[in-house]
Student: 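Mind looking over this structure? Questions follow.
Computed from a prediction, not measured in an experiment: that's the story for all the values here. Note: hydrogens, waters and symmetry copies are ignored here, and every other heavy atom, side chains too, is used.
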There are 2 protein chains.
Amino acid sequence: MSSPGADPARRRVTSTDVAREAGVSRATVSYVLNRDSRQSIPDVTRQKVLDASARLGYRPYGPARLLRGARSSVVLMLTPGLEHASDFVAAGIITSLGAATRHHGLHLVWQLGAEELETAIDLAPAVVLTSVPDGDPLIGELSEQFSVPVASAFPHLDAFLAASASAQVEHLVARGRRRLAFAAPARPELGATATIRHRAANAAAAAAGIPLPHRFEVPDDRAAAGAALRAELEAHPELDGICAFNDEVAFAVLAAAADSGIPVPARIAVIGVDNHPFGPLTCPALSTVESDVDAFVTQFAAHVAQLAAGEAAEPPPLPDQAHAVPRAST
Amino acid sequence: MSSPGADPARRRVTSTDVAREAGVSRATVSYVLNRDSRQSIPDVTRQKVLDASARLGYRPYGPARLLRGARSSVVLMLTPGLEHASDFVAAGIITSLGAATRHHGLHLVWQLGAEELETAIDLAPAVVLTSVPDGDPLIGELSEQFSVPVASAFPHLDAFLAASASAQVEHLVARGRRRLAFAAPARPELGATATIRHRAANAAAAAAGIPLPHRFEVPDDRAAAGAALRAELEAHPELDGICAFNDEVAFAVLAAAADSGIPVPARIAVIGVDNHPFGPLTCPALSTVESDVDAFVTQFAAHVAQLAAGEAAEPPPLPDQAHAVPRAST
DNA sequence: CTGTTAGCGCTTTCAG
DNA sequence: CTGAAAGCGCTAACAG
């Protein structure tokens, strides 16, 4: 009810209020609070301003500063199509990016979903980031909308996606597997990404001198997934290894194998992608593949800071290497 | 390089530009674009303005509108302590809330992590939401910082948390289980929440006339989790059901049981909380408990819209009921 | 060293 | 029906 300061109707404290309270002019307040090095303010005056500001709880009003020409500290992240925020990889990168940009004095905010971009105008970001890949037309549209630099948060996404599939194949080959399949997710919106990974798996298989992995779809429903896996093994009895599109698909494959009495890894080895935190908890524990994005995130945050400062620059690419995280399923 | 509109240095298009292009005054532009009903603008003039605006790609500049006194359409979500955005339940509620607020013309943006709240000033939100519960002192601080209404996004959180534990106990009792344990997560920051659920489980057990569930911790490490589960069963041999703090802990319990040769549900039944999408994929598929938050989200979005409009109001509470989602593990 | 002032882009009276 | 002008809160150039 009456929690301190919770009154929504309370007038905002302005720099005029601080000036009056401190008995100086608004310019002096601005000089002190912004530490203008070209002015030398006596310590007593400075202190008076600081005290008055603290006493009143003064916070400069963002819109006014921005209107005056200050550089915004807001970085807006837009992820059209990523309808659920708990997507593990994307959310992980976005989370770390938020922390990393803060070191540059920037505040990353994430507008979830984000269709209807038109009206998000009073955000006034310094930079807009998006989950769509580099060449997407949306980038141009956004740039026009916001009149600020727009960049893909996932530069060189294809190579990044491909790297994990290659690493999967290499790991399975190193484990002695020769006849592989590629387990694709059923959700149609992931089809394009799955194709990128499948192609990379094919290329890695060719390089290793083994047959190209056959692609099959893993339905969302557990019983249907079991049927799909059994059908796949009947059609390709010599199959001994499965590259799953990601850990989530791999979980379904493991469940399907367990339901069908197919021993993993004795009959088939299974490997996922992403190193999901639940991977260690499956039966058997899921082998997977991981890319180290820490270095990328740090570099990309610096790149965002450059964009925010008005400097054009090439973004650092996502890592194009992945390494296996071997567990019991291979 | 030269994607259309990607030039960061390009000057913003202002309402003056549109007025000049259309050959009218800035006031007329404003009238037309804001559909001011008190003015009657001839259709030809109106069309000239609309055309000029479209041709130039004009977008009114948010900060200037806000400075003029317009109501912000931004709702800022702050989640201190929620360090990883892929937390399933919170992310789910936040995602749906973003969609629901959009129906009220509001744009929810999520500042991840969000320590150092001081400098996020040029956001100018209409409302600030936070993940901390109702009485938290942070609410007052934020209200002072932003001079706008601040509310917890999870009103009456305790009852919400408790409901799921009660539903777990009731489900297990209905399945004929009598000697229960409460499996708590090892992460200390979840301890308080775990205590709320454990107490609710105790209360439900008392109401059902069975012994109070004993609390034990499930370590993150799989081998350690197995040891903990075996120790628990040795100490309480008559144990026949486990309420896990959430599905994630339940996954660990299932893995521990599998590793230790403890049949689920024959020897012990296991039930989680949250209806995590991977629950159907465990071995055996995990029974869980779910609260229907759709109605809450819709009502809460309306409440946020009220706050944004400057009307004080009581928030709708989170649901205080949960229902079981029975699967193979119970 | 401090105060006055112009002006960012927008909406909205108030005159014409 | 259209145009001129004020003012939101802030910063920075310019006087004093």
Student: Could you tell me whether A/Asn34 contacts a base, only the sugar-phosphate backbone, or nothing, with contacts defined as non-hydrogen atoms closer than 4.0 Å?
Tutor: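 Since only primed, P, OP1 and OP2 atoms lie under 4.0 Å of A/Asn34, the category is sugar-phosphate.
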Student: Using the closest heavy atom to pick a nucleotide of DNA chain D for each, name whichever of B/Arg68 or B/Thr28 lands nearer the 5' end.
Tutor: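 Between the two, 5'-proximity favours B/Thr28.
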Student: At under 4.0 Å between heavy atoms, what does B/Pro42 touch on the DNA or RNA strands: base, sugar-phosphate, or nothing?
Tutor: sugar-phosphate
Student: Could you give me the CA-CA distance, side-chain angles and deciding distance for A/Trp110 and B/Val109, then say whether side chain to side chain contact (heavy atoms under 4.5 Å, CB included) is met?
Tutor: CA-CA 5 Å; A/Trp110 186 5; B/Val109 297; over 6 Å; no
Student: If we ignore hydrogens and angles and just use 3.5 Å, is the side chain of B/Thr79 paired with the main-chain N or O of B/Ser131 as donor and acceptor?
Tutor: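 Judged by distance alone, no pair lies under 3.5 Å.
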Student: What nucleotide among D/dG3, C/dG9, D/dA13 has an atom nearest to a side-chain atom of A/Ala27?
Tutor: D/dA13
Student: Check for a donor-acceptor pair, side chain of A/His104 on one end and backbone N or O of A/Val304 on the other, with a separation under 3.5 Å.
Tutor: no
Student: Assign B/Ile41 to base, sugar-phosphate, or nothing according to its heavy-atom contacts below 4.0 angstrom with the strands shown.
Tutor: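 It contacts sugar-phosphate atoms only.
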Student: Nearest of C/dT2, D/dC10, D/dG3 to any side-chain atom of B/Tyr31?
Tutor: D/dG3
Student: With a cut-off of less than 4.0 Å, is there a side-chain N or O of B/Thr45 near OP1 or OP2 of D/dT2?
Tutor: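 It does, given that an N or O in the side chain of B/Thr45 lies less than 4.0 Å from OP1 or OP2 of D/dT2.
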Student: Mind calculating the distance between CG (A/Leu67) and P (D/dG7) to the nearest angstrom?
Tutor: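 Spelled out: CG on A/Leu67 to P on D/dG7 is 16 Å.
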Student: Does the side chain of B/Tyr61 get closer than 4.0 angstrom to OP1 or OP2 of C/dT11 through an N or O atom?
Tutor: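 No, because none of the side-chain N or O atoms of B/Tyr61 sits under 4.0 Å from OP1 or OP2 of C/dT11.
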Student: With sequence neighbours excluded, give me every salt bridge (Lys or Arg N to Asp or Glu O under 4.0 Å) pair touching residues 49-58 of chain B.
Tutor: B/Glu21-B/Arg55
Student: Where each residue is assigned the nucleotide of DNA chain C containing its nearest heavy atom, which of B/Gly62 and B/Arg38 is assigned the position nearer the 5′ end?
Tutor: B/Gly62
Student: Which nucleotide in the list D/dG7, D/dG3, D/dG9 gets nearest to the side chain of B/Ser25?
Tutor: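 Nearest nucleotide to the side chain: D/dG3.
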Student: Kindly state which residues belonging to residues 46-54 of chain A come within less than 4.0 angstrom of DNA chain D, counting heavy atoms of the residue only, listed by number.
Tutor: none
Student: Quick one: which of C/dG3, C/dG9, C/dG7 gets closest to the side chain of A/Val24?
Tutor: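 The listed nucleotide nearest to A/Val24's side chain is C/dG3.
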Student: Would you mind classifying the nucleic acid contact of B/Ser30 as base, sugar-phosphate or nothing, using non-hydrogen atoms under 4.0 angstrom?
Tutor: base
Student: Strictly below 4.0 Å: does B/Ser15 bring a side-chain N or O up to OP1 or OP2 of C/dT11?
Tutor: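 No, B/Ser15 has no side-chain N/O under 4.0 Å of OP1/OP2 on C/dT11.
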Student: If the cut-off is 4.0 Å, is A/Thr16 near the phosphate of D/dG9, judged by side-chain N/O to OP1 or OP2?
Tutor: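 A/Thr16 to D/dG9 OP1/OP2: no side-chain N or O under 4.0 Å.
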